[in-house]
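Take a look at this one; I'll ask things after.
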Amino acid sequence: MSERALFIDYARCIGCQACVQACEECDTHRGQPMIHLETIRRRDSVQTAPQVCMHCEDPICAQVCPADAIKKGPDGVVHSALTHRCIGCSNCVLACPFGVPKYFAAIDQMMKCDLCYDRTSIGKKPMCATVCPSQALTFMTPEELERTRRGTAVNEWVFGEERVRTKVSVVVPHEVKEVHVNLVQLGKRREKAEPDDVAALLEEG
Amino acid sequence: MTPAKRAPPPSREALRAATVGLSASALLILGIYVGSRRFKDFDVALVPYAAATVFAAFALGYRYAIWLGRPPTKRYFQQSLAIFFTRGKILANTLGLARAVYGSLFTQRFIRERSTLRWLAHFCIMWGCLLAAAVTFPLSFGWIRFETPRDSQEMYEAFVFGVRVFRCRLDSPLASLMFNALVVSAVLVLVGIFLSLYRRSRDRGVLAVQEASSDLLPLILLFAISATGVLLTISTHFMNGFNYTFLSQFHAVTVILTLLYIPFGKFFHIVQRPTQIGVQLYKQEGAAGEQAKCARCGEPFASALQVGDLKRVQAELGIRYGLAGGGHYQDVCPPCRRKNLALLQDGMWGAVRRGGDPESKES
């Protein structure tokens with residue numbers, strides 16, 4: 001049996017904020033939620049999107065860090081900036097392809113999701129996956145995911161010409177081998193939208 | 001036997017960094033030579049300390065140059081200098097710099113915001129170490145020395161670069177403070193270490209991520225220096241010099257090991273940290289200037305200065321964010337990046353339902 005990993009299925013998110021509340025209780029960043037929960041466009045849709053750190057194999061946040069403060073452990077977890085090195089420049093916040101790191105001005109430091117290292121390093125689930133009622137965020141083996149979901153997990157991303165491979169995966173249709181990230185602009189009108197095609201509904205504006 | 005592999009030639013960066021390191025060492029040796037009046041005031045007993053410092057200067061120079069050569073670091077360094085020396089703004093920038101130095105380096109408000117215990121521990125360790133360095137480095141370099149004048153055994157004289165700066169009575173409060181400056185610094189450091197260990201042993205978040213080599217070793221080294229230093233004083237004053245020779249040699253070993261460790265471990269932040277000041281200046285300049293607007297939502301999200309610099313740094317690093325239909329992914333604000341990912345996934349499922357290609361790159 002493979003190791004358990006974190007998977008995101010945006011379509012399952014019901015926007016309940018449980019992940020945000022639970023994330024605050026993680027010991028490595030107590031009191032501060034590291035997860036992002038985006039409301040796509042409240043006026044038109046109930047779609048919400050949780051975003052945790054994807055834990056890139058070659059993290060761009062670390063590459064653009066002038067202080068060399070972002071480190072990836074041997075287990076592939078990319079940690080918050082080292083407190084003694086981080087100079088609070090926000091390069092990582094702006095360069096991360098997934099928009100994950102957060103800058104806290106009062107402590108002049110970047111913090112980010114570290115996969116609840118206090119928990120996952122001892123075999124427990126991260127807080128978000130533990131409490132997510134719809135399992136939009138789920139921590140299981142790839143085999144369990146294949147067995148219980150209709151999609152497949154993908155961890156290859158293409159941003160422009162930049163290829164990124166991540167430790168965390170997203171659930172997509174079986175035909176998809178990698179996610180080509182293009183900008184989905186809102187406001188266009190389509191003739192007919194599927195009732196559950198949120199993107200299209202949003203485009204209808 | 002297989003022929004030994006020839007080592008690859010050192011890179012240009014390594015050669016440049018070695019030159020910086022050697023220059024730092026050479027400057028220090030020159031400083032010792034001149035400051036000790038051609039080694040006249042140089043205390044031979046302190047040679048190992050001075051030698052370790054010369055090596056540390058080389059390694060610090062080397063590592064600093066390598067670090068400064070990284071594209072993002074270099075960009076920030078050059079931009080901060082350019083901003084500081086902008087004509088007509090030097091005075092205002094100097095004042096801003098002084099404020100930043102006071103807030104970030106002197107009082108360290110940002111650490112207090114993290115936790116008071118952490119701030120107190122760091123404050124004690126930092127000021128203890130700085131006080132100790134202010135006393136011991138000039139002493140081991142022969143820049144300052146103390147003498148009892150020939151005309152009086154009751155007096156004590158202090159010389160800086162061979163020039164007498166003051167004299168005081170041996171039983172005066174000033175002399176007492178001078179003799180015990182290192183005890184004061186050691187006690188400060190020890191208090192800081194105990195506070196730090198208390199925090200590190202109780203905070204579950206810290207316990208999960210701390211590492212022995214990077215987080216505990218520096219505390220162990222500082223403890224060894226401070227404890228042996230205090231024991232030397234105790235041996236002298238209360239134990240008739242019990243084991244003084246062993247203690248002094250052990251103390252020397254701990255100091256030398258720490259000096260050698262400074263460039264390679266956590267202590268490197270002592271020379272790296274002031275960059276924070278330059279970044280504050282950079283951020284102020286960016287906030288006052290033009291703002292970059294998101295290519296997706298049109299809202300301002302960062303300074304145009306920083307976004308422009310990031311694009312240059314990314315090009316140097318080989319990060320290719322240029323989008324197929326024109327535009328640059330760096331021009332998309334972080335919230336839009338997050339929203340976009342969910343919409344992409346949703347679009348894929350929609351395409352499957354419509355019988356289309358979910359991998360279509362059309363947006």
Side-chain angles (χ1 to χ4, degrees), chain A residues 10-11 13 26-30 36 38 40 47 49 51 60 63-68 79 83-85 87-91 93-99 106-109 114 117-118 121 159-162 170-173 175-185 194 197-200 202, chain B residues 67 70 72-73 75-76 104 110 113-114 204-205 207-209 266 269 272-273 275-276 279 282-283 295-296 302 306-307 310 313-314 317 319-325 327-330 332 334-335 337-350 352-354 357-359 361-363:
Chain A
Y10 300 108
C13 180
C26 173
D27 282 324
T28 53
H29 48 84
R30 205 169 20 255
H36 297 269
E38 294 296 339
I40 304 290
Q47 167 94 48
Q51 189 63 54
I60 290 175
Q63 292 181 54
V64 299
C65 175
D68 197 15
H79 291 271
T83 50
H84 63 282
R85 283 197 189 169
I87 50 176
C89 70
S90 292
N91 263 10
V93 175
L94 295 175
C96 168
F98 302 98
I107 58 173
D108 205 11
Q109 190 199 331
D114 61 358
Y117 201 68
D118 55 329
S121 60
F159 299 89
E161 294 176 62
E162 185 66 20
V170 65
V171 181
V172 290
E175 294 84 348
V176 178
K177 302 297 172 220
E178 57 189 16
V179 180
H180 288 266
V181 178
N182 296 293
L183 295 188
V184 180
Q185 293 285 6
E194 296 290 328
D197 185 346
V198 177
L202 289 172
Chain B
W67 174 62
R70 297 175 72 246
T73 323
R75 190 82 202 129
Y76 261 117
S104 296
F110 65 102
E113 292 292 333
R114 291 174 190 173
R204 283 180 295 183
L207 280 168
V209 296
K266 196 170 192 174
H269 80 274
Q272 188 191 35
R273 198 73 215 177
T275 325
Q276 190 181 10
V279 167
Y282 180 90
K283 281 157 83 170
R296 188 172 170 277
Q306 188 170 10
V307 171
L310 256 176
V313 167
Q314 285 163 0
L317 291 168
I319 298 167
R320 298 167 303 163
Y321 267 165
L323 295 170
H328 200 284
Y329 191 64
Q330 190 52 61
V332 182
R337 293 181 192 188
R338 299 190 290 267
K339 292 176 185 180
N340 196 56
L341 294 172
L343 289 171
L344 272 172
Q345 188 223 26
D346 193 69
M348 287 174 190
W349 285 111
V352 168
R353 279 192 297 275
R354 288 191 297 272
D357 175 15
E359 281 200 285
K361 293 171 191 173
E362 297 301 316
S363 60

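Here is how names work: the chains are called A, B, and so on, in the same order as the sequence lines, proteins then strands, and each is numbered from 1.
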Greatest number of heavy atom pairs closer than 4.5 Å to chain A - which of R75(B), H328(B), Q272(B):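 It is Q272(B).
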
Using non-hydrogen atoms only, which part of R30(A) is less than 4.5 Å away from chain B: side chain, backbone, both, or neither?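 Looking at R30(A), just its side chain touches chain B.
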
Looking at Q276(B) and G88(A), would you say the former's side chain and the latter's main chain have a donor-acceptor pair under 3.5 Å?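 Side chain of Q276(B) to backbone of G88(A), a donor-acceptor pair under 3.5 Å: no, none is there.
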
Measure across P66(A) and T73(B) and return the closest heavy-atom pair with its distance rounded to 0.1 Å.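 That would be O-OG1, 2.8 Å.
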
For E38(A), is it the side chain, the backbone, both or neither that has a heavy atom under 4.5 Å from a heavy atom of chain B?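 For E38(A), the contact with chain B is made by the side chain alone.
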
Output the distance between atom CD1 (I60(A)) and atom OH (Y329(B)), rounded to the nearest 0.5 Å.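 I60(A) CD1 to Y329(B) OH: 9.5 Å, rounded to 0.5 Å.
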
Using a cut-off of under 4.5 Å on heavy-atom pairs, state which of S90(A), A106(A), A49(A) scores highest against chain B.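 Highest number of heavy-atom pairs under 4.5 Å: A106(A).
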
Keeping the roles fixed (side chain from R85(A), backbone from H269(B)), state whether a donor-acceptor pair exists under 3.5 Å.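 Absent.
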
Take N91(A) and Y76(B) through the test side chain to side chain contact (heavy atoms under 4.5 Å, CB included) and record every step on the way to the result. CA-CA 10 Å; N91(A) 263 10; Y76(B) 261 117; 3.1 Å; yes

Rounded at 0.5 Å granularity, tell me how far CD in Q330(B) sits from CZ in F159(A).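 Reported to 0.5 Å precision, the distance equals 12.0 Å.
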
Leading residue by heavy atom contact count with chain A [cutoff under 4.5 Å; candidates L207(B), L317(B), T275(B)]: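 The residue among L207(B), L317(B), T275(B) with the greatest pair count is L317(B).
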
Nearest heavy-atom neighbours spanning Q47(A) and D346(B):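 Taking every non-hydrogen atom into account, OE1-OD1, 4.1 Å.
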
Find the one option among V313(B), V307(B), I319(B) whose heavy-atom pairs under 4.5 Å with chain A are most numerous.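 Option with the top pair count is I319(B).
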
Portion of Y321(B) that has a non-hydrogen atom of chain A nearer than 4.5 angstrom: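 Its backbone and side chain both get close to chain A.
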
Return the option, out of V176(A), V171(A), T28(A), V170(A), with the maximum number of heavy-atom pairs under 4.5 Å with chain B.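 Most heavy-atom pairs within the cutoff with chain B belong to V176(A).
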
Region of C13(A) in contact with chain B, defined by heavy-atom distances below 4.5 Å: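 For C13(A), no heavy atom lies under 4.5 Å from chain B.
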
With only heavy atoms counted, which part of L310(B) is less than 4.5 Å from chain A, the side chain, the backbone, both or neither?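 For L310(B), the side chain is the part near chain A, not the backbone.
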
Spacing of I107(A) atom CD1 and E113(B) atom CD [to the nearest 0.5 Å]: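 The distance works out to 9.0 Å.
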
Most chain A-contacting option - heavy-atom pairs closer than 4.5 Å, from N340(B), L323(B), V279(B), V352(B):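 Looking at each of N340(B), L323(B), V279(B), V352(B) in turn, N340(B) comes out on top.
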
Tell me, side chain or backbone of Q51(A) under 4.5 Å from chain B's heavy atoms, or both, or neither?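 Side chain of Q51(A) only, per the 4.5 Å heavy-atom cut-off to chain B.
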
Mind running side chain to side chain contact (heavy atoms under 4.5 Å, CB included) on M348(B) and V179(A) for me, showing each step along the way? CA-CA 9 Å; M348(B) 287 174 190; V179(A) 180; 3.6 Å; yes

Nearest heavy-atom pair of F98(A) and L341(B): which atoms, and what distance?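 That would be CD2-CD1, 3.5 Å.
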
From D108(A) atom CG to K283(B) atom NZ, the distance as rounded to the nearest 0.5 Å: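 Spacing of CG (D108(A)) from NZ (K283(B)) equals 5.0 Å.
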
Judged by atom type as modelled, is there a donor-acceptor pair below 3.5 Å linking the side chain of Q306(B) to the main-chain atoms of C89(A)?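 Yes, Q306(B) side chain to C89(A) backbone: donor-acceptor pair under 3.5 Å.
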
Which bit of W349(B) is near chain A, if near means a heavy-atom gap under 4.5 Å: side chain, backbone, both or neither?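 For W349(B), the contact with chain A is made by backbone and side chain together.
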
Where does H29(A) contact chain B at under 4.5 Å (heavy atoms): side chain, backbone, both or neither?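 No part of H29(A) comes within 4.5 Å of chain B.
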
For C96(A), is it the side chain, the backbone, both, or neither that has a heavy atom closer than 4.5 Å to a heavy atom of chain B?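 For C96(A), backbone heavy atoms alone lie under 4.5 Å from chain B.
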
If we check side chain to side chain contact (heavy atoms under 4.5 Å, CB included) with L344(B), which of these qualifies: L183(A), V181(A), V172(A)?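 Of the listed residues L183(A), V181(A), V172(A), the side chain to side chain contact (heavy atoms under 4.5 Å, CB included) partner of L344(B) is V181(A).
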
Nearest 0.5 Å, what's the CD-CD distance between E162(A) and Q314(B)?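 Spacing of CD (E162(A)) from CD (Q314(B)) equals 8.5 Å.
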
Please find the pair of heavy atoms, one from V184(A) and one from R296(B), that lie closest to each other, and give the distance.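 Closest heavy-atom pair between V184(A) and R296(B): O-NE, 3.0 Å.
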
When you measure from the side chain of Q345(B) to the backbone of A11(A), do you find a donor-acceptor pair of N or O atoms at a distance under 3.5 Å?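 Present.
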
Atom of R273(B), atom of T83(A) and distance for their closest heavy-atom approach: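 That would be NH1-O, 3.3 Å.
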
Non-hydrogen atoms of Q63(A) and R70(B) that approach each other most closely: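 Closest approach of Q63(A) to R70(B): O-NH2, 3.8 Å.
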
Side chain / backbone / both / neither for R204(B) at chain A, heavy atoms under 4.5 Å: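 For R204(B), backbone and side chain are both near chain A.
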
